[in-house]
Amino acid sequence: MRIDVVTIFPEYLEPLNVSLVGKARTRGTLDVRVHDLREWTHDRHNTVDDTPYGGGPGMVMKPDVWGEALDAVAASGEGEGEGAPALVVPTPSGRPFTQELAVELAAKPWLVFAPARYEGIDRRVIDDYATRWEVHEVSIGDYVLAGGEAAVLVITEAVARLLPGVLGNAESHRDDSFAPGAMADLLEGPVYTKPPVWRERGIPEVLLSGHHGRIARWRRDEAFRRTAAHRPDLIERCDPAAFDKHDRALLAELGWEPGPDGRFGRAAGAVEE
Ligand code: 6GU
């Protein structure tokens with residue numbers, strides 16, 4: 001996979017040299033190219049922004065600079081046989097970034113990221129490229145960052161670990177919290193390693209039992225407890241057909257009950273843990 005990032009802070013993308021993404025680059029699985037947007041400015045001050053039409057606070061990134069930059073990046077890939085890249089525009093007003101979208105993006109041969117600073121990029125840039133390229137405006141969560149670069153790091157890491165050969169252990173994907181078809185979309189429970197006692201804390205007995213059935217059951221229970229506590233919306237959204245008798249008993253114990261449609265919800269009068 002090829003990834004291009006156009007930014008006014010190339011140094012912000014340095015973490016892409018490290019760890020999993022860095023290794024994928026070294027091994028040639030991932031070809032990452034970071035570009036300084038200011039290379040495509042023509043004035044003495046390398047201006048990338050201007051005041052917003054209609055007034056208001058902040059500045060807006062200029063369409064002409066972005067247009068030249070994206071055209072140049074696209075042209076640099078001509079002859080590589082990939083066709084047009086998918087353009088990913090990180091923005092708090094984008095569609096939520098999910099594991100499902102990570103899987104979708106991981107299947108693309110070529111991504112171009114256009115992280116904005118200031119109040120964002122002139123709308124006409126996205127509208128223009130959307131006539132020729134696949135465009136994804138993506139938000140990484142319900143909070144506001146000063147720019148899209150951190151989102152590029154997040155999205156790139158989530159995508160890179162899905163590329164064939166990057167994680168090493170194919171099993172590692174299957175149980176990812178949020179992996180489509182993971183433990184019925186439950187959060188993962190706690191994990192333990194040696195030593196068996198640390199600061200007088202032992203580990204749950206069942207994990208030492210060698211009884212694979214009981215261990216799987218315990219892990220599933222812990223996943224339910226954690227999901228119910230941190231992400232009740234995930235339980236509410238679950239197809240109750242995915243729950244066995246034991247799951248239902250545990251949910252009842254945690255203060256959940258099936259509604260008229262069979263989906264589970266917080267029982268009336270249930271107390272927060
Ligand atoms: Cl993608 N960009 C910015 N600036 N803020 C965000 C975001 C993106 N996702 C959540 N907040």
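Atoms within a ligand are numbered from 1 in the order they appear, just like the ligands themselves. Start at 1 with the first residue, then count along the sequence.
Between His35 and Thr7, the closest side-chain pair of non-hydrogen atoms is not below 4.5 Å.
A salt bridge does not link Arg219 to Glu222: none of the charged nitrogens lies less than 4.0 Å from a carboxylate oxygen. Glu236 has no carboxylate O lying under 4.0 Å from a charged side-chain N of Arg266, or vice versa, which leaves the two without a salt bridge.
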Identify all N/O pairs between ligand 1 and the protein with a separation under 3.5 Å and present them as a table of atom names and distances.
residue, atom, partner, partner atom, Å
ligand 1, 4 (N), Leu145, O, 3.2
ligand 1, 5 (N), Leu145, N, 3.0
ligand 1, 9 (N), Ser139, OG, 3.4
ligand 1, 9 (N), Ile140, N, 2.9
ligand 1, 11 (N), Tyr143, O, 2.5

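Ring to ring, Phe224 and Phe264 are not that close: their centroids are 6.0 angstrom or more apart.
Partners of Arg226 according to the salt bridge (charged side-chain N to carboxylate O under 4.0 Å, His left out) rule, which considers only residues two or more places apart in sequence or in another chain, do not exist here.
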Evaluate the criterion salt bridge (Lys or Arg N to Asp or Glu O under 4.0 Å) for residue pair Asp49 and Lys62; output intermediate values, then yes/no.
CA-CA 5 Å; Asp49 60 342; Lys62 292 164 62 59; over 6 Å; no
